[in-house]
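Residues: numbered from 1 along the sequence shown. Below, each value reflects all heavy atoms present in this structure, side chains not excepted, and no hydrogens, waters or symmetry copies.
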Amino acid sequence: MRKGMSAMINLAEELKGVRTVAIAGHVRPDGDAIGSCLGLYHYLKKNYPEIEAKVYLEQIPDAYRIIAGVDEVICQTGAETEADLFFCLDCADEKRLGDFAVLCKKARRTVCIDHHISNGGFADENYIVPDASSTSELVFGVLEEEKIPYESAEALYMGIVHDTGVFRHSCTSPETMEIAARLMKKGIDGSKIINRTYYDKTYHQNQILGRALLESILLMDKKIIFSAIRQKEMDFYGVTPSDLDGIVQILMSTSGTEVAIFLYETEPQTFKVSLRSREIVDVSVVAAYFGGGGHVRAAGCTMQGSIYDVVNNITLHIEEQLRQENSCD
């Protein structure tokens with residue numbers, strides 16, 4: 001059993017007598033949230049046609065539209081009914097469901113599958129493995145492999161690809177690679193999924209990336225790289241928050257840095273903060289202090305104040321961890 005692993009759910013048992021299923025992931029859905037939700041959705045459609053299954057996610061970025069079922073996702077609240085069973089995927093707490101938290105409250109029974117270390121287990125049944133590469137990997141584990149359809153394999157593979165940074169992040173385990181290979185054996189085009197959903201960027205996305213790199217700053221003896229995008233700059237380039245995905249990871253690729261900090265303005269004096277680290281700093285601890293969460297090497301939060309206030313507050317906590325590490329050497 002993996003470190004931090006809660007008991008795996010028995011999907012067949014959970015579905016006994018169930019007529020309606022609702023599936024949802026976190027706000028501003030990324031590749032893993034979308035992949036895990038659609039992976040489970042297609043599996044239920046194929047193997048449990050008597051069950052009415054629906055997926056609820058906020059607006060999905062265009063890059064993911066090559067994945068089957070994206071057009072069937074419900075992106076707005078309004079007509080939610082009480083589901084027999086609600087699956088909360090890739091979401092550390094009920095608040096992160098956004099407007100779709102109402103589905104969790106209304107459901108007769110709730111199941112959470114997640115890999116965030118900050119998840120305390122808020123559902124009726126919880127399957128939480130903090131050191132798993134992705135929720136998509138965990139969803140694969142609860143499905144009967146021989147019954148996984150092509151559409152599920154495609155979605156789950158995408159989810160794993162995105163949360164591992166195309167198998168580069170430290171969360172990528174031998175099991176992760178084995179699962180990815182087994183999904184590829186379903187006949188999916190792994191290269192196409194990687195290129196179209198992860199690497200391909202629009203002209204405007206590349207412009208805003210260039211702006212972020214050009215204006216980046218090295219701090220703390222070049223151990224931290226930091227950049228920020230203001231709302232007026234997003235308006236100028238015609239981009240949305242989803243167009244900023246991946247910038248923090250590119251900042252993190254700067255040789256010699258330990259932590260990357262990327263901010264973007266969501267409203268005046270309010271910033272979404274993305275944090276990445278290489279080997280030493282646990283950014284989930286930093287994010288949690290400011291009301292956010294995530295993983296040891298990738299986390300985020302929302303903070304208020306000027307850019308300089310936000311960066312100064314964050315770097316104090318990073319500096320403390322670096323100092324503790326140096327004192328142990």
Heavy-atom closest contact ([X] atom, [Y] atom, distance):
X	Y	value
L263	F271	CB-CD2, 4.1 Å
I9	F87	CD1-CE2, 4.3 Å
R211	Y237	NH1-OH, 3.3 Å
A260	L251	CB-CB, 4.0 Å
G35	M158	N-CE, 3.8 Å
A24	C37	C-SG, 3.7 Å

Counterpart residues, salt bridge (Lys or Arg N to Asp or Glu O under 4.0 Å), relative to R19 (two or more places apart): none
Ion pair [X]/[Y], N-O distance below 4.0 Å:
X	Y	result
E72	K45	yes
D71	R65	yes
R323	E320	no
R109	E14	yes
E58	R28	no

Sole residue of K16, K106, K54, R108 in salt bridge (Lys or Arg N to Asp or Glu O under 4.0 Å) with D84: R108
Report the distance from atom [atom1] of [X] to atom [atom2] of [Y], rounding to the nearest 0.5 Å.
X	Y	atom1	atom2	result
S173	D131	OG	CG	7.5 Å
M303	Q269	CE	CD	12.0 Å
S152	K147	OG	NZ	13.0 Å
S255	K222	OG	NZ	10.5 Å
I113	L11	CD1	CG	7.5 Å

ILVMFWY network linking [X] to [Y], side-chain heavy atoms under 4.5 angstrom:
X	Y	value
V70	I193	yes
Y157	I179	yes
Y150	V55	yes
I188	I34	yes
Y127	L15	yes

Please walk me through it: do T20 and E52 pass side chain to side chain donor-acceptor pair (under 3.5 Å)? CA-CA 5 Å; T20 56; E52 181 185 16; over 6 Å; no
Should we count [atom1] of [X] as having more than 12 external heavy atoms under 6.0 Å?
X	atom1	value
F236	CZ	no
Y308	OH	no
N312	CG	yes
I117	CD1	no

Check: [Y] main-chain N/O paired with [X] side-chain donor or acceptor under 3.5 Å:
X	Y	result
S277	V281	yes
N195	K192	no
E258	I280	yes
N126	I128	no
D93	N119	no
Q321	D282	yes
S36	S136	no
Y56	L103	no
R297	E279	yes
D163	G159	no

Side chain to side chain donor-acceptor pair (under 3.5 Å) between D245 and S242, worked out: CA-CA 6 Å; D245 290 349; S242 65; 5.6 Å; no
Are H317 and F290 an aromatic pair, judged by ring center distance below 6.0 Å? yes
Please, which pairs that meet ring pair (Phe, Tyr, Trp, His ring centres under 6.0 Å) have at least one residue in residues 158-188, sequence neighbours excluded? Y64-H162, H162-Y198
In terms of ring plane angle, is the pair H115 and H295 parallel, tilted or perpendicular, where the classes change at 30° and 60°? tilted
Using side chain to side chain donor-acceptor pair (under 3.5 Å) as the criterion, point out the one residue from K223, R278, R276 that pairs with T257. R278
Run the numbers on D90 and T135 for side chain to side chain donor-acceptor pair (under 3.5 Å), then give the verdict. CA-CA 5 Å; D90 199 37; T135 299; 3.0 Å; yes
Can you give the donor-acceptor pairs under 3.5 Å from side chains of residues 224-232 to other protein atoms, not counting sequence neighbours?
from, atom 1, to, atom 2, distance (Å)
S227, OG, A212, O, 2.7
Q231, NE2, D235, OD1, 3.0

Run the side chain to side chain donor-acceptor pair (under 3.5 Å) check on D124 and T110 step by step: do they pass? CA-CA 5 Å; D124 296 323; T110 58; 3.3 Å; yes
Does a donor on one side chain sit under 3.5 Å from an acceptor on the other, for E319 and T315? no
Could you check I247 against L244 for side chain to side chain contact (heavy atoms under 4.5 Å, CB included), going step by step and ending with a plain yes or no? CA-CA 6 Å; I247 291 179; L244 307 178; 3.9 Å; yes
